[in-house]
There are 2 protein chains.
Amino acid sequence: MAANAGIAGTGAEHFPPSVAFLVSRLGFEVGSRLAAGLAPLGIEPRDFGLLRALAHAEGESQRSIGRALNIPPGRMVALLDGLERRGLVRRRPHPTDRRAHALHLTPAGHRLLNDAVDVVVRVEVSLCAGLEPAEREQLLALLGRLARPGAVTPEAHPGLSAVTGW
Amino acid sequence: MAANAGIAGTGAEHFPPSVAFLVSRLGFEVGSRLAAGLAPLGIEPRDFGLLRALAHAEGESQRSIGRALNIPPGRMVALLDGLERRGLVRRRPHPTDRRAHALHLTPAGHRLLNDAVDVVVRVEVSLCAGLEPAEREQLLALLGRLARPGAVTPEAHPGLSAVTGW
DNA sequence: TATTGTTATACTCTATAACTATA
DNA sequence: TATAGTTATAGAGTATAACAATA
């Protein structure tokens, strides 16, 4: 986990209550918890994002998945090397294009993905522990209306990954 | 702005509604908007955090402020070099300790900090544009109750900075 | 002996652009 | 000629540890 990343402690004391501030702080918090939870599984949040995508697109090529996830080709190689070394992913010959690899989750990869999803669920539960179910629904609705209006990048959420790997 | 950071696009379609997910995504979103808004001022979010701290602790030493913000000494030097070069900060001789520097915001630094705060306010307003004032209050309250319970690092929010610089 | 600011080093992460083999 | 995966290189960002001056 990133022990200490950058500049500012928050100095929240001097700051007016702010949705932007809280959301930033919590976003980092969630990322940290997720990383901590995934560490015992031997993967990082970004691997989780990739594994999940692979589960939904078995047999696709590296570039195809890379495009969907906004990962440049060079990074895909390194990422997949790691996952393959751990036996979670396999590169098989592509049936119709001899240049490409067909990517597949191994059984171990599927099992680990399940465990990783459990981690995410646990993070969600612990995060919302102080809320009644109805309050959580309310919060989800309000956050959803925040998410919409002026997304800087409407197409995707590039770089979210930097924090969460989602 | 970080054009494209890491791994995963979200694949949100395949994901259950989740406070953790939304908060992560919005956290990154806020960070991006803040960076975009500050760029014309010639600073980055992390500089904002430091300038704000300086405004509240004029005359302190580098290490003193660094401790408060969780910035190691080496980074403080580089950060302050940048701010001083832009005429926003000044290192003056410390009145009681000849090893230390007394840090001060210049008038230009104060002006820029004000502009930066305006940027933050604009981000907050645009983020909450879809909400009625009462709804925003409600959201603030709910987020506040999320923030409390199990902070991974109770002492501070180290590394938040990575995203927001707050 | 401890602490201040500084500097140098190393390490991680990432983007970019070559390169090969196929199409 | 365009595209698949790969590799190499370089750049940013950061932590770490050594350093001289002062306490």
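The basis for the numbers below is simple: all heavy atoms, side chains too, and nothing from hydrogens, waters or symmetry mates.
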Student: Which pair of non-hydrogen atoms, one from A102(A) and one from P93(A), has the smallest distance, and what is that distance?
Tutor: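 Scanning both residues, the minimum pair turns out to be CB-O, 4.0 Å.
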Student: Is it the case that one hydrophobic cluster holds both V77(B) and L105(B), taking links as side-chain heavy atoms less than 4.5 Å apart, direct or via other members?
Tutor: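 No, no single cluster joins them.
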Student: Tell me the interatomic distance from D47(B), atom CG, to dG13(D), atom P, rounded to whole angstroms.
Tutor: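 Value for this atom pair: 11 Å.
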Student: Rounded to the nearest angstrom, tell me the gap between atom NE2 in H94(A) and atom C1' in dT3(D).
Tutor: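 That distance rounds to 13 Å.
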Student: Would one find a side-chain N or O of R91(B) under 4.0 angstrom from OP1 or OP2 of dT6(C)?
Tutor: yes
Student: To the nearest Å, give me how far apart CD1 (I71(A)) and C1' (dT6(D)) are.
Tutor: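 Result: 16 Å.
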Student: DNA chain C: P73(A) or A100(B), which has the more 5' nearest nucleotide?
Tutor: A100(B)
Student: R67(B): which residues meet the side chain to side chain contact (heavy atoms under 4.5 Å, CB included) condition with it, sequence neighbours left out?
Tutor: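 For R67(B) the side chain to side chain contact (heavy atoms under 4.5 Å, CB included) partners, ignoring immediate neighbours, are R63(B), S64(B).
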Student: If I take atom CE in residue M76(B) and atom C1' in nucleotide dT7(C), what distance separates them, rounded to the nearest angstrom?
Tutor: 16 Å
Student: Nearest-Å distance, CG (N70(A)) to C1' (dT14(C))?
Tutor: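 From N70(A) CG to dT14(C) C1': 14 Å.
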Student: What contact category does H101(B) fall into here, base, sugar-phosphate, or nothing, at under 4.0 angstrom with non-hydrogen atoms?
Tutor: sugar-phosphate
Student: Any idea which heavy atoms bring E124(B) and S18(A) closest together, and the distance?
Tutor: OE1-OG, 3.0 Å
Student: Which of these passes side-chain contact (heavy atoms from CB on, under 4.5 Å) with L50(A): L79(A), I43(A), L88(A), V89(A)?
Tutor: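 So, applying the side-chain contact (heavy atoms from CB on, under 4.5 Å) to L50(A) and each of L79(A), I43(A), L88(A), V89(A), only L79(A) qualifies.
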Student: Does R63(B) get its side chain close enough to the base of dG5(C), under 3.5 Å, for a donor-acceptor pair?
Tutor: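 Donor-acceptor pair under 3.5 Å: yes.
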Student: Taking 4.0 angstrom as the limit, do R91(A) and E84(A) come out as a salt bridge?
Tutor: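 A salt bridge links R91(A) with E84(A).
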Student: Nearest whole angstrom, please: distance from the C1' of dT7(D) to the CD of Q62(A).
Tutor: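 Whole-Å distance recorded here is 13 Å.
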Student: Check this one for me: any side-chain N or O of R75(A) less than 4.0 Å away from OP1 or OP2 of dT6(D)?
Tutor: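 No.
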Student: Please check this pair: side chain of H101(A) against backbone of L103(A), looking for a donor-acceptor N/O pair closer than 3.5 Å.
Tutor: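 Pair absent, no side-chain N/O of H101(A) close to backbone of L103(A).
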Student: In whole angstrom, what separates L79(A)'s CG from dA15(C)'s C1'?
Tutor: 14 Å
Student: Quick check on DNA chain C: between R67(B) and D81(B), whose nearest nucleotide comes earlier from the 5' end?
Tutor: R67(B)
Student: Set out, line by line, the N/O atom pairs under 3.5 Å between protein and nucleotides 21-23 of chain D.
Tutor:
from	atom 1	to	atom 2	distance (Å)
dA23(D)	OP1	R98(B)	N	2.8

